[in-house]
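Indexing begins at 1, ligand by ligand and atom by atom, following the structure's order.
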Amino acid sequence: MNGPISRREALRNLALGAGSVLIAGAAGAASYTAAKPPPAAGPPPATGPLPHLVPTDPLAIALSYHESARTVDVVKFPTYKPDQKCGSCMQLNGKAGDPWRPCNLFPGKLVNAEGWCKVWLKKVPVAT
Ligand code: SF4
């Protein structure tokens, strides 16, 4: 049966071939989806307590972070006021009362709630 094929037979073979390609493609896509890791949604969650920010950290130096607001030199930092500390700053997160808490400006580190830096911004109470 090596003679010329009819148009009908050629179309049927073409349709069967296209169907095979579609099935193979779908199977390949399914296996690709199964093997592909889920997309990352930001940094991996912390698995333990975060380290404390130290005043010698380059970003801490740049923002004049002090572990204790009581040590702030008011001559060097004239915008500092005695009621300013991390615990009253809007950048501070975490649980109120914890002595070390996350700050938006120092990701991956904990700042001292009694500390201060030169970008302190008064926390605005949330209306309920
Ligand atoms: Fe403290 Fe606010 Fe500076 Fe963060 S931004 S270190 S909470 S004063």
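Between the choices Pro102, Cys117, Gly87, Gly115, the shortest heavy-atom distance to atom 8 (S) of ligand 1 belongs to Cys117.
Sequence neighbours left out, the pairs with a member in residues 80-105 that pass ring pair (Phe, Tyr, Trp, His ring centres under 6.0 Å) are His52-Trp100, Tyr80-Trp116. For residues 109-122, every residue pair satisfying the salt bridge (charged side-chain N to carboxylate O under 4.0 Å, His left out) rule, not counting sequence neighbours, is listed here: Asp57-Lys109, Lys85-Glu114.
Side-chain contact between Trp120 and Ser88 is present, with heavy atoms from C-beta onward closer than 4.5 Å. The shortest side-chain heavy-atom distance between Asn112 and Tyr65 falls under the 4.5 Å cut-off.
At a cut-off of 2.8 Å, Cys103 coordinates atom 4 (Fe) of ligand 1 through an N, O or S atom.
The distance from ligand 1 to the heavy atoms of Phe106 drops below 4.0 Å at these ligand atoms: 6 (S). Short contacts between ligand 1 and Trp120, defined as distances under 4.0 Å to a heavy atom of the residue, involve ligand atoms 8 (S). For ligand 1, the atoms sitting less than 4.0 Å from at least one non-hydrogen atom of Cys89 are 2 (Fe), 5 (S), 7 (S), 8 (S), numbered in the order shown with element in parentheses.
The main-chain N or O of Asn93 is found under 3.5 Å from a side-chain atom of Arg101 such that the two form a donor-acceptor pair.
Here the protein heavy atom with the shortest distance to atom 1 (Fe) of ligand 1 is Cys86 SG, 2.3 Å.
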